[in-house]
Amino acid sequence: MENTLSYGGYALVFEDHFDAPELDRSRWNVELHEPGWVNEELQEYVDRAENICLRDSSLLLRPVKTIRNGAASYTSGRISTQYKRDFTYGLFEAQLKVPRGPGFLPAFWLMTTDEDTYGQWPVCGEIDIMEIQGQLPRTSYGTIHYGLPHRQDQGAFTLPSGDFSEEYHTFSLEWGPEAIRWYVDGRLFHRVEQWPSAPFPHDMYIILNLAVGGSWVGYPDETTDFGSAVFAVDYVRVYQKKQ
């Protein structure tokens with residue numbers, strides 16, 4: 001089994017280096033969601049420059065904590081390509097740097113474009129390319145969700161030294177009709193070939209988001225530093241097999 005990523009046979013079909021003055025909204029949606037919308041998360045996803053901006057040729061998603069009358073509230077950023085650039089199969093890649101600290105959950109993932117047609121989550125399927133818990137910044141998780149009742153298959157990659165908040169790393173997913181493979185810096189760490197149905201032979205779209213708290217990651221505590229926290233995206237690329 002090949003343990004390193006190969007681009008042979010692929011052609012670049014989508015990319016964003018985030019080097020424009022503002023987010024290209026012909027490619028990206030800015031999603032708006034209330035706190036607790038999924039997974040008991042604390043943040044409200046908003047369309048504000050303090051939460052979503054481009055700087056030094058990177059996309060920056062920042063969590064913001066506000067205290068009013070002794071109560072904390074949180075905002076953050078979430079963008080997607082739904083109905084603007086949707087893909088069936090391909091090699092998906094992003095160069096990312098994540099925040100560290102309890103309660104942060106940055107993610108790079110794929111979701112089914114039309115859940116009404118293919119079934120509401122989890123039936124429609126979800127592919128998580130990268131999720132990193134802020135309190136465990138050395139480990140990246142790659143996961144497939146599917147089925148009813150909900151099932152998942154998850155792999156993990158842990159850096160031998162340092163962590164994913166210190167510098168950019170490249171996270172890649174190779175999604176084909178017979179297998180799904182996850183890579184960090186070009187090294188294979190997880191592969192899935194079996195599930196009850198075909199591996200989502202329908203359009204999916206890209207999501208980049210930074211959650212604050214939730215049922216899996218846990219919640220911020222007194223050590224969580226919101227002042228310096230940022231989920232930075234240097235680029236996103238998608239390749240598909242040449243015809």
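Start at 1 with the first residue, then count along the sequence.
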Q: When you check the side-chain N and O atoms of Asn51 and Thr75, is any donor under 3.5 Å from an acceptor?
A: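 Thr75 and Asn51 do have a side-chain donor-acceptor pair below 3.5 Å.
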
Q: Taking the side chain as C-beta and beyond, is there a heavy-atom pair between Arg187 and Phe157 under 4.5 Å?
A: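 Counting from C-beta outward, Arg187 and Phe157 do come under 4.5 Å.
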
Q: Run Phe226 and Tyr74 through ring pair (Phe, Tyr, Trp, His ring centres under 6.0 Å) and show every step you take.
A: CA-CA 10 Å; Phe226 282 83; Tyr74 306 88; 5.4 Å; yes

Q: Pick out which of Leu60, Asp24, Val236 makes a side-chain contact (heavy atoms from CB on, under 4.5 Å) with Phe18.
A: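 Filter result, single survivor: Val236.
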
Q: Applying side chain to side chain contact (heavy atoms under 4.5 Å, CB included), run through Leu208 and Val233 and close with a yes or a no.
A: CA-CA 9 Å; Leu208 291 156; Val233 184; 4.3 Å; yes

Q: Should Pro106 and Pro99 count as side-chain neighbours, where that means a heavy-atom distance under 4.5 Å?
A: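 Side chain of Pro106 against side chain of Pro99, heavy atoms only: contact under 4.5 Å found.
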
Q: Test Trp121 against Glu126 for side chain to side chain donor-acceptor pair (under 3.5 Å), laying out the working first.
A: CA-CA 8 Å; Trp121 191 96; Glu126 171 187 326; 2.7 Å; yes

Q: Using only heavy-atom distances, determine whether the side chains of Tyr239 and Glu174 contain a donor-acceptor pair under 3.5 Å.
A: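 Not at all, the side chains of Tyr239 and Glu174 share no donor-acceptor pair under 3.5 Å.
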
Q: Kindly confirm or rule out a cation-pi arrangement of Lys241 over Tyr89, judged by NZ or CZ under 6.0 Å from the six-membered ring centre and within 45° of its axis?
A: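 Here Lys241 fails the 6.0 Å and 45° test against Tyr89.
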
Q: Run the side chain to side chain contact (heavy atoms under 4.5 Å, CB included) check on Gln135 and Val217 step by step: do they pass?
A: CA-CA 8 Å; Gln135 68 271 28; Val217 69; 3.7 Å; yes

Q: Determine whether Arg25 and Asp47 satisfy the following criterion, salt bridge (charged side-chain N to carboxylate O under 4.0 Å, His left out), listing intermediate values before the conclusion.
A: CA-CA 12 Å; Arg25 301 203 182 208; Asp47 187 356; 2.8 Å; yes

Q: Quick check: do Ile52 and Ile79 have side-chain heavy atoms less than 4.5 Å from each other?
A: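 The answer is yes; the side chains approach within 4.5 Å.
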
Q: Identify which one of Phe164, Phe189, Phe92 satisfies the ring-ring contact (aromatic ring centres under 6.0 Å, His included) criterion when paired with Phe171.
A: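 By the ring-ring contact (aromatic ring centres under 6.0 Å, His included) criterion, Phe171 pairs with just one of Phe164, Phe189, Phe92: Phe164.
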
Q: Cation over ring, Arg100 on Phe104, under 6.0 Å and within 45°?
A: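 No, Arg100 does not lie over the aromatic ring of Phe104.
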
Q: Among side-chain atoms of Tyr235 and Glu15, is any donor-acceptor pair under 3.5 angstrom?
A: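 Note: Tyr235 and Glu15 side chains miss the donor-acceptor criterion.
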
Q: Answer yes or no: are there more than 12 heavy-atom neighbours, outside Glu22 itself, under 6.0 Å from its atom CD?
A: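 No, the 6.0 Å shell around CD holds no more than 12 heavy atoms from other groups.
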
Q: Do Leu5 and Asp185 have side chains that get closer than 4.5 Å, going by heavy atoms?
A: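 SC-SC contact between Leu5 and Asp185 ruled out.
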
Q: Considering only heavy atoms from C-beta outward, does the side chain of Leu173 approach that of Trp109 to under 4.5 Å?
A: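 Of all side-chain heavy-atom pairs linking Trp109 with Leu173, none is under 4.5 Å.
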
Q: Does the side chain of Ser76 pick up a donor-acceptor pair with the side chain of Gln43 at under 3.5 Å?
A: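 Side chains of Ser76 and Gln43: no pair found under 3.5 Å.
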
Q: Give, for atom CG of Asp19 and atom CG of Asp56, the distance between the pair rounded to the nearest 0.5 Å.
A: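 It comes to 11.5 Å.
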
Q: Can you sort out the partners of Glu222 under side-chain contact (heavy atoms from CB on, under 4.5 Å), two or more places apart, ordered by chain and number?
A: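 side-chain contact (heavy atoms from CB on, under 4.5 Å) check on Glu222 returns nothing, list empty.
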
Q: Would you check if Ser80 and Glu31 make a side-chain contact, meaning some heavy-atom pair closer than 4.5 Å?
A: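 They are in side-chain contact.
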
Q: Looking at NE2 of His33 and CG of Asn209, how far apart are the two atoms once the value is rounded to the nearest 0.5 Å?
A: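 Interatomic distance, His33 NE2 to Asn209 CG, rounded to 0.5 Å: 9.0 Å.
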
Q: Kindly give the heavy-atom pair with the smallest separation between Tyr118 and Thr112, and that separation in Å.
A: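 Between these two residues, the closest heavy atoms are CD1-CG2, 4.0 Å.
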
Q: Under the criterion side chain to side chain donor-acceptor pair (under 3.5 Å), I'd like the reasoning laid out for Trp182 against Asp128: C-alpha separation, chi angles, the key distance, then a yes or no.
A: CA-CA 9 Å; Trp182 288 257; Asp128 300 322; over 6 Å; no

Q: Please determine whether side chain to side chain donor-acceptor pair (under 3.5 Å) holds for the pair Gln82 and Thr113, giving the CA-CA distance in whole Å, both sets of side-chain angles, and the decisive distance to 0.1 Å.
A: CA-CA 6 Å; Gln82 187 178 21; Thr113 298; 5.6 Å; no

Q: Given Ser215 and Asn39, is the side chain to side chain donor-acceptor pair (under 3.5 Å) satisfied, shown in steps?
A: CA-CA 5 Å; Ser215 53; Asn39 303 327; 4.5 Å; no

Q: Would you say the side chain of Met204 lies within less than 4.5 Å of the side chain of Asp86, judging by non-hydrogen atoms?
A: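 The answer is no; the side chains never approach within 4.5 Å.
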
Q: Considering non-hydrogen atoms only, spot the tightest contact between Ile132 and Leu105 and give its length.
A: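 The answer is O-CD1, 3.6 Å.
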
Q: Ignoring hydrogens and geometry beyond distance, is a side-chain donor-acceptor pair present between Thr139 and Thr158 at under 3.5 Å?
A: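 Judged by distance alone, the side chains do pair up.
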
Q: Is a side-chain donor-acceptor pair under 3.5 Å present for His190 with Asp153?
A: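 Side-chain D/A pair, Asp153 to His190: present.
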
